[in-house]
Number of protein chains: 2
Amino acid sequence: MLSNASKYAIRAVLFLANKSSNTQKYGSKHLADSLEIPNPFLAKLLQQLSRAGVISSAKGPGGGFYLTDQNRQRHISDILNVIEKENVLHTCLMGLPRCGDANPCPIHHLAAPFMVELRKKFNVQTIDELANEVKENGTYLTLKGLDDL
Amino acid sequence: MLSNASKYAIRAVLFLANKSSNTQKYGSKHLADSLEIPNPFLAKLLQQLSRAGVISSAKGPGGGFYLTDQNRQRHISDILNVIEKENVLHTCLMGLPRCGDANPCPIHHLAAPFMVELRKKFNVQTIDELANEVKENGTYLTLKGLDDL
DNA sequence: CTAATAAAGGACTTTTTAGTCTTTTAATAT
DNA sequence: ATATTAAAAGACTAAAAAGTCCTTTATTAG
């Protein structure tokens with residue numbers, strides 16, 4: 001459903017949400033290492049997000065990527081809008097062109113409630129809110145360095 | 001999550017489940033037209049499924065693809081095993097290598113119940129059972145020819 | 001002012017997925 | 001037997017996604 005690009009971008013932004021600030025920036029290299037994402041590929045994504053104003057960046061020594069308070073009020077869907085061409089949150093998992101309540105595909109009734117919740121999470125929850133959930137619920141953005149695997 | 005190939009294959013098999021029999025076979029052309037799938041691409045998929053014994057086929061005049069009673073007892077996951085390289089029903093939607101209850105990704109708690117249900121539908125329900133659901137619940141394998149769009 | 005740092009930009013390569021085309025083989029009906 | 005029908009097989013092309021590399025620009029610390 002989501003491309004690698006989107007998954008990488010979302011994880012990187014949530015990382016920044018929980019760790020960066022105006023005075024604490026992270027280079028793409030650091031992010032790529034922490035999240036186990038190919039660095040040049042991630043750098044491209046960060047560049048796009050920065051250009052679109054979803055995240056912030058500063059060049060030069062001590063520079064890097066970070067989130068401002070403004071950035072934190074944006075939604076995950078803003079990331080998807082930058083990275084993906086079409087709205088992946090509205091595509092049918094069975095590939096039916098116009099799957100919906102009126103013309104459901106064979107798994108529509110199973111998938112629809114989940115998709116509704118996912119859209120809520122990505123469209124209405126702010127990046128800040130989701131990042132806090134990550135912090136408090138003990139969910140992970142990477143499994144790097146975890147020893148209980 | 002599912003590739004086009006898998007989506008096409010599932011729809012085609014469900015179509016055959018509800019319309020074909022030992023005496024009523026369908027050529028790839030007919031299926032492709034009915035389901036609005038590129039014919040040569042679908043032909044390849046049907047070929048693979050036939051070789052794997054998930055569906056049946058007969059050459060020559062009056063030939064085509066069809067399901068036997070045996071075929072009908074197989075699962076959707078058998079289709080996926082033929083078409084996809086890895087088990088898409090166990091991949092994390094956020095791309096975490098080992099996402100699970102122990103090490104959940106940020107949307108794991110949202111996605112897990114849905115994935116459990118989806119695995120049930122694809123792993124334990126037979127093709128026959130799902131096809132009957134399609135027939136009875138008025139779900140669709142194609143929207144071709146529907147005028148209420 | 002200069003050296004070092006790090007993002008921006010853009011061209012490029014590789015891999016995967018999607019889709020096409022042509023030839024061969026098997027079955028059947030006449 | 002032969003013409004016809006339709007799947008099997010496999011080589012091929014196209015497009016999209018994923019990933020790399022190199023050069024430029026801006027910033028800052030010395």
Side-chain angles (χ1 to χ4, degrees), chain A residues 1-13 16 20 22-33 35-67 71 80 82-86 88 91 95, chain B residues 1-12 16 20 22-33 35-68 71 80 82-86 88 91 95:
Chain A
M1 188 174 41
L2 297 180
S3 63
N4 280 0
S6 293
K7 295 172 186 171
Y8 294 163
I10 292 172
R11 291 205 281 140
V13 170
L16 289 174
S20 80
N22 289 1
T23 57
Q24 177 63 66
K25 294 157 189 158
Y26 290 94
S28 72
K29 187 73 174 47
H30 181 94
L31 290 167
D33 285 351
L35 300 170
E36 297 185 285
I37 296 173
N39 180 19
F41 191 54
L42 177 62
K44 283 282 121 193
L45 301 173
L46 294 169
Q47 205 180 111
Q48 292 179 65
L49 291 171
S50 172
R51 201 178 337 165
V54 177
I55 68 177
S56 303
S57 68
K59 287 183 178 180
F65 298 94
Y66 63 104
L67 294 201
N71 295 147
L80 297 180
V82 171
I83 307 292
E84 305 272 1
K85 266 154 214 149
E86 59 220 272
V88 292
T91 55
Chain B
M1 188 171 47
L2 298 179
S3 63
N4 279 0
S6 293
K7 295 171 186 170
Y8 294 162
I10 292 171
R11 290 204 281 138
L16 289 175
S20 80
N22 290 0
T23 56
Q24 177 63 66
K25 294 158 190 159
Y26 289 94
S28 72
K29 187 72 174 51
H30 180 95
L31 289 167
D33 284 350
L35 299 169
E36 295 185 287
I37 296 174
N39 180 19
F41 191 52
L42 177 62
K44 284 279 122 191
L45 302 173
L46 294 170
Q47 205 180 109
Q48 291 179 66
L49 292 171
S50 173
R51 202 178 337 167
V54 178
I55 68 177
S56 304
S57 68
K59 288 182 177 180
F65 298 94
Y66 63 103
L67 295 200
T68 62
N71 296 146
L80 298 180
V82 171
I83 307 290
E84 305 271 359
K85 267 153 212 153
E86 60 220 89
V88 293
T91 56

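A note on names: the letters A, B, ... follow the listed sequences, proteins ahead of strands, and every chain is numbered from 1.
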Atom CG of L45(A) and atom OH of Y8(A): how far apart are they, to the nearest 0.5 Å? 9.0 Å
Let me know the distance between CE of M1(B) and P of dT17(C), rounded to the nearest Å. 15 Å
Whole-Å distance separating the OH atom of Y66(A) from the C1' atom of dA6(C): 13 Å
Which whole-number value in Å describes the distance from F41(B) CZ to dA7(D) P? 17 Å
For the pair made of NZ in K59(B) and P in dA6(D), what is the distance, rounded to whole Å? 14 Å
Rounded to whole Å, CG of N39(A) lies from P of dG19(D) at a distance of 13 Å
Atom CG of L42(B) and atom C1' of dC21(C) are separated, to the nearest Å, by 16 Å
Reckon K85(B) touches a base, only the sugar-phosphate, or nothing at all at heavy-atom distances under 4.0 Å? sugar-phosphate
Base of dG9(C), side chain of K44(A) - is there a donor-acceptor contact under 3.5 Å? yes
What is the nucleic acid contact for P38(B), judged by heavy atoms within less than 4.0 Å: base, sugar-phosphate only, or nothing? sugar-phosphate
Measure CG/N4(B) against C1'/dA14(D) and give the value in whole Å, please. 15 Å
Kindly give the heavy-atom pair with the smallest separation between L67(B) and L16(B), and that separation in Å. CG-CB, 4.0 Å
So which one's nearest nucleotide on DNA chain D is more toward 5', Y26(B) or A5(A)? Y26(B)
Whole angstrom value for the distance that separates C1' of dT5(D) from NE2 of H30(B): 16 Å
Do the side-chain N or O atoms of Y8(A) get closer than 4.0 angstrom to the phosphate oxygens (OP1, OP2) of dG19(D)? yes
Is any side-chain heavy atom of L2(A) closer than 4.5 Å to one of V88(A)? yes
How many angstroms lie between atom OG of S50(B) and atom CZ of F65(B), to the nearest 0.5 angstrom? 6.0 Å
Under 4.0 angstrom between S57(A) side-chain N/O and dA6(C) OP1 or OP2: no
Could you tell me the separation between the CG atom of L42(A) and the CG atom of L49(A), rounded to the nearest 0.5 Å? 9.0 Å
I'd like to know if the side chain of S3(A) pairs up with that of E84(A) as donor and acceptor (distance under 3.5 Å, no hydrogens or angles considered). yes
Reckon A58(A) touches a base, only the sugar-phosphate, or nothing at all at heavy-atom distances under 4.0 Å? sugar-phosphate
Report yes if at least one side-chain N or O of S50(A) is closer than 4.0 Å to OP1 or OP2 of dA7(C); otherwise report no. no
Considering every strand and a 4.0 Å limit on heavy-atom distances, what is the contact class for K25(B): base, sugar-phosphate, or nothing? nothing
Return the nearest nucleotide to the side chain of P61(B); candidates are dT27(D), dA9(D), dA27(C). dA27(C)
Taking the side chain of F65(A) as heavy atoms from C-beta outward, which of dA8(C), dA18(C), dT20(D) is closest to it? dA8(C)
At under 4.0 Å between heavy atoms, what does A43(A) touch on the DNA or RNA strands: base, sugar-phosphate, or nothing? nothing
5'-most contact on DNA chain C: R51(A) or G63(A), nearest heavy atom basis? G63(A)
